[in-house]
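In what follows, a structure is listed as structure tokens, so that the remarks can point back to it.
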Amino acid sequence: KAGVTQTPRYLIKTRGQQVTLSCSPISGHRSVSWYQQTPGQGLQFLFEYFSETQRNKGNFPGRFSGRQFSNSRSEMNVSTLELGDSALYLCASSLGGVSSEKLFFGSGTQLSVL
Amino acid sequence: GENVEQHPSTLSVQEGDSAVIKCTYSDSASNYFPWYKQELGKGPQLIIDIRSNVGEKKDQRIAVTLNKTAKHFSLHITETQPEDSAVYFCAASRDRDDKIIFGKGTRLHILP
């Protein structure tokens, strides 16, 4: 069974631009969640989608948004990029959700904002 | 809001010795506590988890203990090996909350 796939692996953008990251979950998984990882803050929960609906979100500004398609693939968008958005963005998939079950993570997209 | 604190941020142990990483959580309703291991260039991978109705769980060289009263849980790795070198994250969540809170991570170095 293929694992969680994230594309692209690396991205370089400049301040003010926007970016879209993609995540393909494990086949059969309906939940996709997104995380921001930085050296100082560790892993921070961005939001979770289940069956195309956002079920919960973390404490991030509205510049961070996402969506999920009918095939469970998910995209995350960051608009008006800031230097502080430089981070590793991870997505994870699971059968039922982020609470109380195993998450399967992709290898992440490393975003650098110049 | 909910918070998970993890200590230490960095830990170096001699190969063959034991390593202990500790986490505390603030939400008393949390009932699921997973531990993830992240190797260089990879995403985190679940290594063990525990639910609030259990005080301890063991899987070969890895064990997790939970003290609900103190809102504290710990990861224990015995007979450490070079491949145990990685970043470890604890986390807490509760049923039907659709949210998970991670600690800031512990970088574990196994010294030869």
Side-chain angles (χ1 to χ4, degrees), chain A residues 2-7 9-10 21 23-26 29-51 53-60 66 68 87-110, chain B residues 1-10 21 23-27 29-54 57 59 64 66 73 86-108:
Chain A
V4 177
T5 304
Q6 289 190 249
T7 56
R9 189 72 178 90
Y10 301 95
L21 313 181
C23 174
S24 293
I26 290 172
H29 285 190
R30 295 166 67 188
S31 167
V32 174
S33 50
W34 288 89
Y35 305 82
Q36 182 192 66
Q37 184 175 11
T38 57
Q41 296 300 317
L43 269 173
Q44 291 185 282
F45 172 78
L46 280 156
F47 32 66
E48 188 228 2
Y49 286 86
F50 185 90
S51 294
T53 301
Q54 186 183 90
R55 293 205 293 193
N56 209 338
K57 60 182 296 185
N59 298 323
F60 280 83
Q68 186 180 32
L88 179 67
Y89 290 88
L90 292 158
C91 79
S93 76
S94 65
L95 282 168
V98 302
S99 307
S100 305
E101 66 176 80
K102 180 177 180 178
L103 301 176
F104 294 83
F105 283 87
S107 296
T109 294
Q110 184 68 53
Chain B
E2 303 95 324
N3 188 43
V4 174
E5 292 195 3
Q6 183 171 348
H7 298 281
S9 56
T10 307
I21 303 170
C23 289
T24 58
Y25 58 99
S26 60
D27 184 359
S30 294
N31 56 6
Y32 178 63
F33 307 93
W35 285 89
Y36 285 84
K37 174 184 180 182
Q38 185 176 29
E39 296 174 339
L40 200 61
K42 297 182 179 180
Q45 194 168 22
L46 181 75
I47 55 172
I48 196 167
D49 56 11
I50 192 168
R51 299 183 189 274
S52 58
N53 58 347
V54 175
K57 184 176 178 180
D59 182 4
V64 56
L66 172 65
F73 58 113
V87 179
Y88 292 80
F89 291 95
C90 64
S93 70
R94 55 180 178 175
D95 284 339
R96 293 178 289 279
D97 192 35
D98 306 316
K99 194 172 187 177
I100 183 167
I101 307 297
F102 284 88
K104 292 189 177 180
T106 295
R107 184 171 296 278
L108 176 63

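Just so it is clear: chains get the letters A, B, ... in the order the sequence lines come, proteins before strands, and each one is counted from 1. For the numbers below, each heavy atom of this structure counts, side chains included, while hydrogens, waters and symmetry mates do not.
- Side-chain atoms of B:Lys57 come within 3.5 Å of backbone atoms of B:Asp49 as a donor-acceptor pair (strictly under, hydrogens ignored).
- No part of B:Arg107 comes within reach of chain A, as not one of its non-hydrogen atoms sits under 4.5 angstrom from that chain.
- Side-chain N or O atoms of B:Gln38 include none that pairs as donor or acceptor with a backbone N or O of B:Ala86 at under 3.5 Å.
- Panel note: side chain B:Ser26, backbone B:Asn3; a donor-acceptor pair is recorded below 3.5 Å.
- At a 4.5 Å heavy-atom cutoff, B:Pro34 makes no contact with chain A through either its backbone or its side chain.
- Listed for the A:Gln6 side chain is a donor-acceptor partner under 3.5 Å among the backbone atoms of A:Gly108.
- At a 4.5 Å heavy-atom cutoff, the contact between A:Tyr35 and chain B is made by side-chain atoms alone.
- Heavy-atom distances place both the backbone and the side chain of A:Leu43 under 4.5 Å from chain B.
- Contact tally against chain B (heavy-atom pairs below 4.5 Å) for A:Lys57, A:Arg9, A:Gln110, A:Glu101: the top residue is A:Glu101.
- B:Tyr36 places a side-chain N or O within donor-acceptor distance of the main-chain N or O of A:Leu103, the cut-off being under 3.5 Å.
- With sequence neighbours left out, B:Ser93 forms a side-chain hydrogen bond (donor to acceptor under 3.5 Å, both in side chains) with no residue at all.
- For A:Gln41, the parts lying under 4.5 angstrom from a heavy atom of chain B are both the backbone and the side chain.
- If you measure heavy-atom distances from A:Gln44 to chain B, you find no contacts under 4.5 Å at all.
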